[in-house]
Enquirer: 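Dumping the structure here so I can ask a few things about it.
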Amino acid sequence: MPVLLEMKNIHKVYPNGTAANRGVDLTVHEGEIHALVGENGAGKSTLMKILFGLEAPTSGTIEYKGQPVVFNGPKDAIQKGMGMVHQHFMLSPTLTVSENIVLGDEPKKGLFSMFRDRAKEYREVEHLVATYGLKVNLRAKVETIPVGQKQRVEILKVLYRGAKLIILDEPTAVLTPQETDELFDSIQALVSEGHTIIFITHKLREVMRISNRITILRAGKSIATLQTKDTNQEEISRLMVGREVLFRVSKAPAEPKDVVLSVRGLEALDDKGAQALQGISFDIRSGEVLGFAGVEGNGQTELVEAITGLRKAVGGSILYQGKELLSASIADIRHMKIGHVPEDRQTSGASLTSTIAENLLLDHYRNPEFKRGMFLNKNKIKQYAQKMMKEYDVRAQSEETLAGALSGGNLQKVVVARELSKNPNLLIVSQPTRGVDIGAIEFIHREIIKRRDGGAAVLVVSAELSEIMSLSDRIAVLYNGEIVALLDNTDDLTEEEIGYYMLGIKKQAQEAVR
Ligand SMILES: Nc1ncnc2c1ncn2[C@@H]1O[C@H](COP(=O)(O)OP(=O)(O)OP(=O)(O)O)[C@@H](O)[C@H]1O
Ligand SMILES: [Mg+2]
């Protein structure tokens with residue numbers, strides 16, 4: 001296959017002094033699916049932002065179709081036929097799907113092209129939808145559609161602008177397994193129509209499944225480029241991390257003690273006012289992990305929000321150490337030694353305009369340890385933040401770095417560090433390792449189990465079935481707002497078995513799930 005893109009010896013030092021790329025070479029062939037992998041902060045997004053003209057390289061060259069190119073902004077890159085779907089979506093929530101796709105590039109009609117040609121707009125977009133199997137509801141407002149569809153909108157947007165080389169930055173991090181399958185079908189359709197794909201992911205299973213070649217970055221440098229068919233997950237992870245990585249946490253059997261959380265007949269509504277939880281009941285004891293499996297959108301979000309006070313339940317009861325949480329305020333709940341790692345760290349997990357230290361300290365400011373008289377003890381805070389960053393391997397310039405400048409996975413580590421450090425009696429974690437690299441997944445899993453062994457009751461929600469299976473002592477399957485199965489996580493329990501419950505094909509008798 002002919003060479004389409006050649007990035008040579010790329011260096012990037014950000015204004016705050018972080019050297020994100022320190023000599024990266026990347027060669028992409030026309031028509032291939034090229035996976036770009038590496039630990040959190042290895043420099044993947046930075047390299048792609050440089051390619052797409054969003055960041056200028058400090059040094060290095062880019063050749064596209066045999067010609068040297070210099071991009072002064074995304075407009076230049078788009079004009080050459082590149083498109084990028086970012087790690088965090090950039091759509092206008094109040095506009096419709098179709099309006100988002102054509103935004104800034106609307107077809108015009110009439111004398112002097114004064115009017116927007118809506119008919120043409122729909123025709124063109126519908127043609128793209130049909131060609132690539134990217135099913136979306138063109139007339140729906142973006143704020144009302146699920147993430148899987150939002151992502152298709154981002155891809156359609158890029159295609160509408162005529163992109164040939166498409167960069168997908170962690171496209172599957174937010175997708176359910178079903179949505180991932182659909183995305184992969186669309187990627188195959190794109191390739192067979194002559195597109196080239198650069199694909200960033202932390203999921204090595206996906207790398208093996210979809211890519212033709214793989215480039216591995218470590219600490220800002222390109223370490224190797226491999227043919228997918230000649231390698232395996234173990235080799236890739238060793239090259240990424242620089243050591244062997246365990247794919248499963250080893251843990252002792254749980255020793256459950258007193259009930260910490262007791263939920264009875266819990267009912268809650270979703271954002272649209274529809275019944276999201278149909279009266280569910282379960283207990284979690286000190287020293288055990290209860291995992292909630294299920295296809296996203298079956299009540300997981302509402303369950304976690306109801307327990308943490310972010311959503312008012314409409315029926316039932318939630319007893320935490322014997323106290324009713326339904327009548328407590330969010331602030332009360334935050335001071336009850338309940339840790340919560342929310343699913344969406346961008347909007348509710350962290351303050352992007354605050355420093356890492358401020359984010360880590362969020363709930364500790366009242367703690368006398370960090371005070372000197374009436375004032376905050378700056379030195380203590382600095383020491384504490386540095387210690388936490390070291391422990392949780394948060395890779396950043398210093399504790400004064402703004403959270404907004406962190407790579408996706410490092411931001412997640414900050415949130416996890418803050419919540420675990422409360423020494424919670426109840427720990428609620430949603431998608432704890434979304435966007436986190438394999439080395440850090442291993443670490444976060446071990447930390448969660450450590451809290452369990454220290455006597456915390458742990459509730460885990462994850463779209464990754466493998467994560468649920470590796471962390472949980474018991475597994476509840478949510479389907480359509482009901483617990484349809486409550487299973488002991490024994491060695492003979494399979495993903496397939498859980499899958500039947502997740503898809504609503506099987507259901508346990510009501511007595512069993514109580
Ligand atoms: N705007 C910025 N200003 C300063 N430093 C930055 C900025 N963006 C990223 N960095 C730093 O550059 C390094 C590389 O970040 P980058 O986002 O490229 O990593 P990544 O490989 O995409 O990681 P992840 O898998 O976590 O998304 C990190 O240390 C990050 O903190
Ligand atoms: Mg990234």
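As the structure is a prediction and not an experimental result, all values here were calculated from the model. Both counts, for ligands and for their atoms, begin at 1 and track the order of listing. Positions are given from 1, in the same order as the sequence printed here.
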Enquirer: Could you give me the CA-CA distance, side-chain angles and deciding distance for K203 and V207, then say whether side chain to side chain contact (heavy atoms under 4.5 Å, CB included) is met?
Expert: CA-CA 7 Å; K203 301 178 189 175; V207 171; over 6 Å; no
Enquirer: Need the ligand 1 atom indices (1-based, order shown) with element for anything under 4.0 Å from a heavy-atom of S45.
Expert: 17 (O), 18 (O), 20 (P), 22 (O)
Enquirer: State whether the shortest distance between N or O atoms of E55 and N or O atoms of ligand 1 falls below 3.5 angstrom.
Expert: no
Enquirer: For ligand 1, which atoms, with element, lie under 4.0 Å from some heavy atom of G43?
Expert: 14 (C), 18 (O), 19 (O), 20 (P), 21 (O)
Enquirer: Is a side-chain donor-acceptor pair under 3.5 Å present for E170 with T201?
Expert: no
Enquirer: Please report how many protein N/O/S atoms lie under 2.8 Å from the Mg ion (ligand 2).
Expert: 2
Enquirer: Could you tell me whether the side chain of S398 and the main chain of E400 form a donor-acceptor pair under 3.5 Å?
Expert: yes
Enquirer: Identify, for atom 5 (N) of ligand 1, the protein heavy atom at the shortest distance, and state residue, atom and that distance.
Expert: Y14 CD1, 3.3 Å
Enquirer: Are side-chain N/O atoms of T433 and E467 paired as donor and acceptor at under 3.5 Å?
Expert: yes
Enquirer: Of all the atoms in ligand 1, which lie at a distance below 4.0 Å from a heavy atom belonging to G409?
Expert: 26 (O)
Enquirer: Under a 4.0 angstrom heavy-atom cut-off, which atoms of ligand 1 come close to A20?
Expert: 12 (O), 13 (C), 14 (C)
Enquirer: Taking the six-membered ring for Trp, is the centroid-to-centroid distance between F443 and Y392 below 6.0 Å?
Expert: yes
Enquirer: Checking side-chain polar atoms at under 3.5 Å, does D169 have a donor or acceptor matched by the opposite partner on S45?
Expert: yes
Enquirer: Side chains of H195 and E193: any donor to acceptor distance under 3.5 Å?
Expert: no
Enquirer: Give me the residue, atom name and distance of the protein heavy atom closest to atom 17 (O) of ligand 1.
Expert: S407 CB, 3.5 Å
Enquirer: For ligand 1, which is the ligand I care about here, please tell me if K49 has any N or O atom under 3.5 Å from one of the ligand's N or O atoms.
Expert: no
Enquirer: Report yes or no: do T401 and Q397 form a side-chain donor-acceptor pair below 3.5 Å?
Expert: no
Enquirer: Tell me, which protein residue and heavy-atom name are nearest atom 27 (O) of ligand 1, and how many Å apart are they?
Expert: Q87 NE2, 3.1 Å
Enquirer: N/O to N/O below 3.5 Å, does that happen between A405 and ligand 1?
Expert: yes
Enquirer: Are any of the side-chain nitrogens in D230 or R213 under 4.0 Å away from the carboxylate oxygens of its partner?
Expert: no
Enquirer: List every atom of ligand 1 that sits less than 4.0 Å from any heavy atom of T46, numbering the atoms from 1 in the order shown and giving each element.
Expert: 14 (C), 15 (O), 16 (P), 18 (O)
Enquirer: For H202, is the nearest heavy atom under 4.0 Å from an atom of ligand 1?
Expert: yes
Enquirer: Among all the protein's non-hydrogen atoms, which is closest to atom 24 (P) of ligand 1, and how far away is it?
Expert: N40 ND2, 3.6 Å
Enquirer: Does ligand 1 have any atom sitting under 4.0 Å from a heavy atom of T18?
Expert: yes
Enquirer: Provide the closest heavy-atom pair for L360 versus Y384 in the form atom of the first, atom of the second, distance.
Expert: O-CE2, 4.3 Å
Enquirer: Rounded at 0.5 Å granularity, tell me how far CG in L290 sits from CD1 in I284.
Expert: 4.5 Å
Enquirer: Less than 4.0 Å is my threshold; does some heavy atom of A396 fall inside it relative to ligand 1?
Expert: no
Enquirer: May I ask you to test the K80-V69 pair for a side-chain heavy-atom distance under 4.5 Å?
Expert: yes
Enquirer: Out of A173, G41, G404, who is nearest to atom 19 (O) of ligand 1 when you count heavy atoms only?
Expert: G41
Enquirer: Numbering the atoms of ligand 1 from 1, which are under 4.0 Å from a heavy atom of E39?
Expert: 21 (O)
Enquirer: Out of curiosity, is E170 lining ligand 1, as in a heavy atom under 4.0 Å away?
Expert: yes
Enquirer: Run the numbers for me: atoms of ligand 1, each under 4.0 Å from some heavy atom of A42, listed by number.
Expert: 19 (O), 21 (O)
Enquirer: H86: which residues meet the ring pair (Phe, Tyr, Trp, His ring centres under 6.0 Å) condition with it, sequence neighbours left out?
Expert: none
Enquirer: Is it the case that the side chain of R161 and the backbone of I101 share a donor-acceptor pair, with hydrogens and angles ignored and the cut-off at 3.5 Å?
Expert: yes
Enquirer: Would you please say whether a donor-acceptor pair under 3.5 Å links the side chains of K382 and N379?
Expert: no
